[in-house]
There are 2 protein chains.
Amino acid sequence: MAVDPEHVLRAAAALLTRKSTATMDEVAKAAGISRATLHRHFAGRDALVRALEALGIAECEAALDVARIDEGTASEAVRRLVGAMEPAAGLLAFLYTENQLFEGEGQNAGWATIDDRISGLFRRGQLGGEFRIDLTPAWLTEALYGLMASGAWMVHSGKGAPKDFQHMIVELLLGGALRREES
Amino acid sequence: MAVDPEHVLRAAAALLTRKSTATMDEVAKAAGISRATLHRHFAGRDALVRALEALGIAECEAALDVARIDEGTASEAVRRLVGAMEPAAGLLAFLYTENQLFEGEGQNAGWATIDDRISGLFRRGQLGGEFRIDLTPAWLTEALYGLMASGAWMVHSGKGAPKDFQHMIVELLLGGALRREES
DNA sequence: CCCGCATGAGACATTCGTGTCTCATATGGG
DNA sequence: CCCATATGAGACACGAATGTCTCATGCGGG
């Protein structure tokens, strides 16, 4: 009887990841509940998206924790981070595009914290002489988001294998396309 | 008196780039014409988006031509290509996210041609020993799109300067974040 | 100069998604 | 066993955007 809001959120995330314009009715069906019940738990579509945003933020924070981004080389930390964020990549891609509509209105403050942590990781790599300094941490962070969205879309569209997700993103982000003398 | 459809498309592109959910009425106002006239030139929102897609494809093709991607090293060609595509980056970002809704329905065939040309450029770089071969041309192409979208969004949100657009994208795409011995 | 034609303004119906409501039902605890 | 409570189904009104229509206007060409 008791509907598990967590389960509803997961179903909504899975659906909206594939079809970002899904209606409340479709979300309800995907979660296996009626539209009325969905509306009882989430006041409206806004509330649902906000909840999904909170979920995405929580998963990002968890990924940042589990990846232990302060340990080891920055490169290894980035690799662990991408691997830890992979399960949430689809949701992140949805929220990433969804946020662009808010035109700077009420941006959830949680993102700033995450941006800071990731930027901090890149900055640590720069200070340690590991990363180049002509690309700002802010841009590297943004590029990480963009590449994860591209990777998620590629896997979702079947153009890429899930097992290559982490490798593709990390290798491109860190090493770039150019061939290097020593690998 | 005569409304220039090209001008209308440009205005629509400029608006939808910033606000992808703009209504037909807003588009009409942005183009300086009435909604009725807008509707006379473009049967509906779908037709408008299709026309914008055609415009984006045409601009991509033009950029590919002007960048002369078959000349010089692949790296230089990529740099020229990104520079040539920069003016269209906003429109491309809009179409990039818009296309994900079509879920493989009627995907304009023009994109395949463009994908092939860009993929071919990356493949040329690989065959010439210039680019690494463990990242597929398809992924490099997708990553280029993603990075251009991220770059466009960064410039649009004021977090980055337009003058850094080309440098940020090309340097990250080709060289990656890792610091290299010789610069 | 005058007529044709594209445009602007607005009314109108339609569709779609949303939000709210009611009522029947079943489930689970006391 | 009985009642409280949550759920499902569906009706309903509302708003927004769309697509179509009519009519007046004004510019431009013949």
Side-chain angles (χ1 to χ4, degrees), chain A residues 1-56 91 94-95 97-106 108, chain B residues 1-56 91 94-95 97-106 108:
Chain A
M1 197 154 155
V3 164
D4 179 16
E6 178 79 8
H7 164 252
V8 175
L9 274 184
R10 296 288 170 184
L15 174 62
L16 290 172
T17 286
R18 297 192 307 269
K19 189 170 186 287
S20 60
T21 59
T23 67
M24 294 292 274
D25 198 72
E26 291 174 296
V27 171
K29 276 187 176 57
I33 63 178
S34 74
R35 194 166 70 95
T37 303
L38 174 61
H39 213 271
R40 283 187 189 101
H41 287 272
F42 302 96
R45 192 190 175 79
D46 278 359
L48 179 62
V49 173
R50 299 296 173 149
L52 281 175
E53 196 173 25
L55 176 64
L91 176 58
F94 163 70
L95 295 172
T97 59
E98 196 79 0
N99 264 355
Q100 322 224 162
L101 305 181
F102 291 172
E103 299 224 9
E105 306 173 18
N108 191 315
Chain B
M1 197 153 155
V3 165
D4 180 16
E6 177 80 9
H7 164 252
V8 174
L9 275 183
R10 297 288 171 185
L15 174 61
L16 289 172
T17 286
R18 298 191 306 269
K19 187 167 186 287
S20 60
T21 59
T23 68
M24 294 291 275
D25 198 72
E26 292 173 296
V27 172
K29 278 189 173 55
I33 63 177
S34 74
R35 193 167 72 92
T37 302
L38 174 61
H39 215 274
R40 284 187 189 101
H41 287 272
F42 302 97
R45 190 190 178 78
D46 278 358
L48 180 62
V49 174
R50 298 296 173 150
L52 281 174
E53 196 173 24
L55 176 64
L91 175 59
F94 163 70
L95 295 173
T97 59
E98 195 79 2
N99 266 353
Q100 322 227 160
L101 306 182
F102 291 172
E103 300 227 7
E105 305 173 19
N108 192 315

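The chains referred to below are lettered A, B, ... by the order of the sequence lines, with proteins before strands, and numbering in each begins at 1.
Set against D:dG8, C:dA9, D:dT20, the side chain of A:Ala36 has D:dG8 as its closest nucleotide.
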Can I get a per-line list of side-chain donor-acceptor pairs under 3.5 Å for residues 25-32 of chain A, giving both atom names and the distance, sequence neighbours left out?
| from | atom 1 | to | atom 2 | distance (Å) |
| --- | --- | --- | --- | --- |
| A:Asp25 | OD2 | A:Lys29 | NZ | 2.9 |
| A:Glu26 | OE1 | A:Thr23 | N | 2.8 |
| A:Glu26 | OE1 | A:Thr23 | OG1 | 3.4 |

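Between A:Thr37 and D:dT7, a side-chain N or O to OP1/OP2 separation shorter than 4.0 Å is absent. The side chain of A:His41 contributes an N or O atom lying less than 4.0 Å from OP1 or OP2 of D:dT7.
Between B:Met24 and B:His39, the closest heavy-atom pair is CE-CD2, 4.3 Å. Here the shortest heavy-atom pairing between A:Leu52 and A:Leu95 reads O-CD1, 3.8 Å. Nearest heavy atoms, B:Ala51 versus B:Phe42: CB-CE2, 3.7 Å.
Regarding A:Leu38, its CG atom lies at a distance of 15 Å from the C1' atom of D:dA6, rounded to whole Å. Rounded to whole Å, atom P of D:dT7 lies 13 Å from atom NE2 of A:His7. Following rounding to the nearest Å, B:Asp25 (CG) and D:dT18 (C1') show an atom-to-atom distance of 11 Å. Atom-to-atom, NE2 of B:His39 to P of C:dA6 comes out at 18 Å; the value is rounded to the nearest Å. Here the C1' atom of nucleotide C:dG19 and the CG atom of A:Asp46 are 12 Å apart, to the nearest Å. Atom CZ in B:Phe42 sits roughly 13 Å away from atom P in D:dG19 (whole-Å rounding). A straight line from CD1 of A:Ile33 to P of D:dA9 spans 11 Å, rounded to a whole angstrom.
Residues that satisfy the salt bridge (Lys or Arg N to Asp or Glu O under 4.0 Å) test with B:Arg40, not counting sequence neighbours, are absent from this structure. B:Arg10 meets the salt bridge (Lys or Arg N to Asp or Glu O under 4.0 Å) test with B:Glu6, B:Glu59; sequence neighbours excluded. Residues satisfying the side-chain hydrogen bond (donor to acceptor under 3.5 Å, both in side chains) criterion with A:Ser34, sequence neighbours excluded, are A:Thr37.
Secondary structure note: stems in DNA chain D built from 3 or more consecutive Watson-Crick or G-U wobble pairs under 3.5 Å occupy C:1-30 with D:1-30.
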With B for base contact, S for sugar-phosphate-only contact and - for none (protein heavy atoms under 4.0 Å), nucleotides 12-17 of chain D reads -----S

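Scanning atom types as modelled, no donor and acceptor separated by under 3.5 angstrom connect the side chain of A:Arg40 and the base of C:dG19.
Side-chain atoms of A:Ser20 do not come within 3.5 Å of backbone N or O of A:Leu16 as any donor-acceptor pair.
Once rounded to the nearest 0.5 Å, the distance linking CD of A:Glu53 with CZ of A:Phe94 reads 9.5 Å.
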